[in-house]
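Following: one structure in structure tokens, then a few remarks.
Nothing here was measured: the structure is a model prediction, and the numbers come from that model.
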Amino acid sequence: MGWNFFTIFIVLLFHHSNANANSKQSCNFFEGSWIEDETYPLYNSTQCPFIEHEFNCQRNGRPDQDYLNYRWQPHGCSLQRFDGGALLEKLKGKSIMFVGDSLSRNQWQSLVCLLYTSLPNTKYNATRVGDVSLFTFLDFELDVMLDRSVYLVDVVREEKGIVLKLDSIEGGKLWKGIDMLIFNTWHWWNRRGTSQPWDYIEIGGQYYKDMDRVVAFERALFTWAKWIDTNINPAKTIVFFQGISPSHYNGTDWNQPGVKTCLGQMQPISGSTYPGGLPPALRVLKKVLYTIEKQVTLLDVTNLCLLRKDGHPSIYGLSGMDCSHWCLAGVPDIWNEILYNFIVTT
């Protein structure tokens, strides 16, 4: 497959995101509701041996399965069902890299499972070098990678301590030359105390013990945006941003006052609107994306995820109560089904 595919794809994305009179163009994949569908999930988790313990809710003993039997139905159109064989052929010889935190790992493992279970006899190689995990579908020469970069900007050990450098993005050297990049950050920005992995924040040569985390998040995103405009060649590389994946720890947000976790939640919220509204970080992200000159497509999964209070591991994950990550099979498969639709639809 030549680079013409990527040139055409960028044009299609432009038309999709700048819709007008054409009904196909006017369909927003991210506005819709969850519909029961017994043909979902898209794969059986027992058939994908690569799912990490923290996401493998069924193997960890989650007793209910109804949460698996939902598909996302946009208003005004329907998503094409994910076809792993078709995507492997479409992306033959290419490279995909997810860049971000454990929510990126959630989506990366989902895509690996979606592709592997479509052709379970295909040859593969799985390796890890430093913070980069690499899964290669050898018969298709397709690399599906994950770069763990939780802030996107650099975290560096200096003499005074570990520094979160909001103006520096040297880690971006790993992203150059990749055919498709899917970025994500937010999950770590509010971490404090022992779970905070840095001692100082640096901006413009000045060091701070702390600052407003949303302001820091925005500054880091502008640094990332500058990197995109400086380094991305749209004829070579397609860029997505995963969006803000929400947590469910406050039942008041979904009209269940007193509920403090997602444990025991077995159904999505009906309808298309989350009672608790959208997180402020999403507004910041969209503000920054609007300033980028190069094409970056937002996988705007926040609202569809807010409706899925039932999709988290809760006690059936790594340890403790997890209402931030997502079970696999599960919600991240729909993120990748939407990604698939961006790639294959015209």
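Looking only at distances, no side-chain donor or acceptor of Asp131 sits under 3.5 Å from a matching main-chain atom of Asp147. Judged purely by atom type and a 3.5 angstrom limit, Trp188 has no side-chain atom pairing as donor or acceptor with the backbone of Gln196. When atom types are taken as modelled, the side chain of Thr237 and the backbone of Ile178 share a donor-acceptor pair closer than 3.5 angstrom. Checking side-chain atoms of Trp34 against main-chain N and O of Leu304 turns up a donor-acceptor pair under 3.5 Å. The closest donor-acceptor contact from the side chain of Asn106 to the backbone of Trp326 lies under 3.5 Å.
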When the side chains of residues 117-129 are checked against the rest of the protein, which donor-acceptor pairs come out under 3.5 Å, sequence neighbours left out?
unit_1: Thr117; atom_1: OG1; unit_2: Cys113; atom_2: O; d: 2.6
unit_1: Ser118; atom_1: OG; unit_2: Leu115; atom_2: O; d: 2.5
unit_1: Thr122; atom_1: OG1; unit_2: Asp139; atom_2: OD2; d: 3.1
unit_1: Arg128; atom_1: NE; unit_2: Gly130; atom_2: O; d: 3.1

The test is side chain to side chain contact (heavy atoms under 4.5 Å, CB included); show your working for Ile96 and Leu91 and say whether it passes. CA-CA 9 Å; Ile96 302 171; Leu91 298 180; 3.4 Å; yes

Trp186/Val214 under side chain to side chain contact (heavy atoms under 4.5 Å, CB included): CA gap, chis, key distance, verdict: CA-CA 9 Å; Trp186 171 243; Val214 175; 4.1 Å; yes

Under the side-chain hydrogen bond (donor to acceptor under 3.5 Å, both in side chains) criterion, do His75 and Asn28 qualify, and how do the steps go? CA-CA 7 Å; His75 299 319; Asn28 185 334; over 6 Å; no

Show your reasoning for whether side chain to side chain contact (heavy atoms under 4.5 Å, CB included) applies to Gln73 and Ser78. CA-CA 6 Å; Gln73 177 61 61; Ser78 292; 3.3 Å; yes

Going through the distances and angles, do Tyr116 and Phe137 end up as a side chain to side chain contact (heavy atoms under 4.5 Å, CB included)? CA-CA 8 Å; Tyr116 175 79; Phe137 292 89; 4.3 Å; yes

So Thr185 and Trp189, side-chain hydrogen bond (donor to acceptor under 3.5 Å, both in side chains) or not? Walk me through it. CA-CA 8 Å; Thr185 184; Trp189 285 92; 2.8 Å; yes

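Looking only at side-chain heavy atoms (C-beta outward), Arg148 and Asp101 stay at 4.5 Å or farther from each other. Within the 4.5 Å cutoff, no side-chain heavy atoms of Phe30 are placed close to those of Pro74. Counting heavy atoms from C-beta outward, Glu36 and Asn69 have side chains that stay 4.5 Å or more apart. Side-chain atoms of Leu221 and Leu285, non-hydrogen and from C-beta on, do get closer than 4.5 Å to each other. Using a 4.5 Å heavy-atom threshold, the side chains of Tyr70 and Arg308 count as touching. In this structure the side chain of Phe29 reaches within 4.5 angstrom of the side chain of Cys27, judged on heavy atoms. Between Val331 and Cys305 the shortest side-chain heavy-atom distance falls below 4.5 Å. Put simply, the side chain of Met97 does not reach to within 4.5 Å of the side chain of Leu146, judged on heavy atoms.
In this structure, a donor-acceptor pair under 3.5 Å is absent between the side chains of Ser324 and His187. For the 3.5 Å distance criterion, the side chains of His312 and Asp322 fail to qualify, holding no donor opposite an acceptor. For the residue pair Thr223 and Trp227, no side-chain donor N or O sits within less than 3.5 Å of a side-chain acceptor on the partner. A donor and an acceptor atom, one from each side chain of Ser168 and Asp154, are located under 3.5 Å apart.
Rounding to the nearest 0.5 Å gives a distance of 6.0 Å between OG of Ser45 and CD of Gln58. From Thr297, atom OG1 reaches atom CD1 of Ile238 across 8.5 Å, with rounding to the nearest 0.5 Å. Leu142 contributes atom CG, which lies 9.0 Å from atom CG of Asp179 (distance to the nearest 0.5 angstrom). In this structure, the separation between CD on Gln206 and OH on Tyr200 is 13.5 Å, given to the nearest 0.5 Å. Summarising the geometry, atom CH2 belonging to Trp254 is positioned 10.5 Å from atom CG belonging to Leu306; distances are rounded to the nearest 0.5 Å. Taking OG of Ser33 as the start and CG of Leu307 as the end, the distance is 8.5 Å to the nearest 0.5 Å.
Listed by first and then second residue, the salt bridge (Lys or Arg N to Asp or Glu O under 4.0 Å) pairs that reach into residues 199-213 are Lys165-Glu202, Arg192-Asp210, Asp210-Arg213, sequence neighbours excluded. Contacts classified as side-chain hydrogen bond (donor to acceptor under 3.5 Å, both in side chains) and involving residues 329-338 (residues at least two apart or in different chains) are given here: Tyr40-Glu337, Tyr43-Asp333, Gln107-Asn336, Ser110-Asp333, Ser110-Asn336. Sorted by first and then second residue, the salt bridge (Lys or Arg N to Asp or Glu O under 4.0 Å) pairs with a member in residues 292-304 read Lys286-Asp300; sequence neighbours excluded. Counting only residues at least two apart or in different chains, salt bridge (Lys or Arg N to Asp or Glu O under 4.0 Å) contacts with residues 44-73 comprise Asp37-Arg71, Glu52-Arg105, Glu54-Arg105, Arg62-Asp64. Applying the ring-ring contact (aromatic ring centres under 6.0 Å, His included) test to residues at least two apart or on different chains, the pairs with a partner in residues 272-291 are His248-Tyr274. Contacts classified as salt bridge (Lys or Arg N to Asp or Glu O under 4.0 Å) and involving residues 219-234 (residues at least two apart or in different chains) are given here: Asp167-Arg219.
Checked for salt-bridge contact, Glu141 and Lys92 miss the test: no charged N lies under 4.0 Å from a carboxylate O.
Under the ring-ring contact (aromatic ring centres under 6.0 Å, His included) criterion, Phe183 pairs with Trp175, Trp224, sequence neighbours left out. Annotation: side-chain contact (heavy atoms from CB on, under 4.5 Å) contacts of Lys260 (sequence neighbours excluded): none. Taking the ring-ring contact (aromatic ring centres under 6.0 Å, His included) definition, one finds that Phe55 meets it with His325, sequence neighbours left out.
Heavy-atom minimum distance, Gln242 versus Val301: O-CG2, 3.4 Å. The shortest non-hydrogen separation linking Gly258 to Thr252 is N-OG1, 4.5 Å. Here the closest heavy-atom approach between residue Pro234 and residue Ile232 is recorded as CD-O, 3.5 Å. For the pair Asn255 and Pro275, the tightest heavy-atom approach, listed with the atom from each and the gap, is ND2-CG, 3.6 Å. The two residues Val112 and Val144 make their nearest non-hydrogen contact at CG2-CG1, 4.3 Å. When all heavy atoms are compared, the tightest approach of Phe50 to Gln109 is O-NE2, 3.4 Å.
Counting heavy-atom neighbours within 6.0 Å of Met266 CE, excluding the residue itself, gives a total of 12 or less.
Other cluster members for Leu263: Tyr249, Ile315, Tyr316, Met321, joined by side-chain heavy-atom distances under 4.5 Å among Ile, Leu, Val, Met, Phe, Trp and Tyr. When hydrophobic side chains of Ile, Leu, Val, Met, Phe, Trp and Tyr are connected at separations under 4.5 Å, Ile35 ends up as a singleton with no cluster partners.
With ring centers used as reference points, Phe342 lies 6.0 Å or more from Tyr340.
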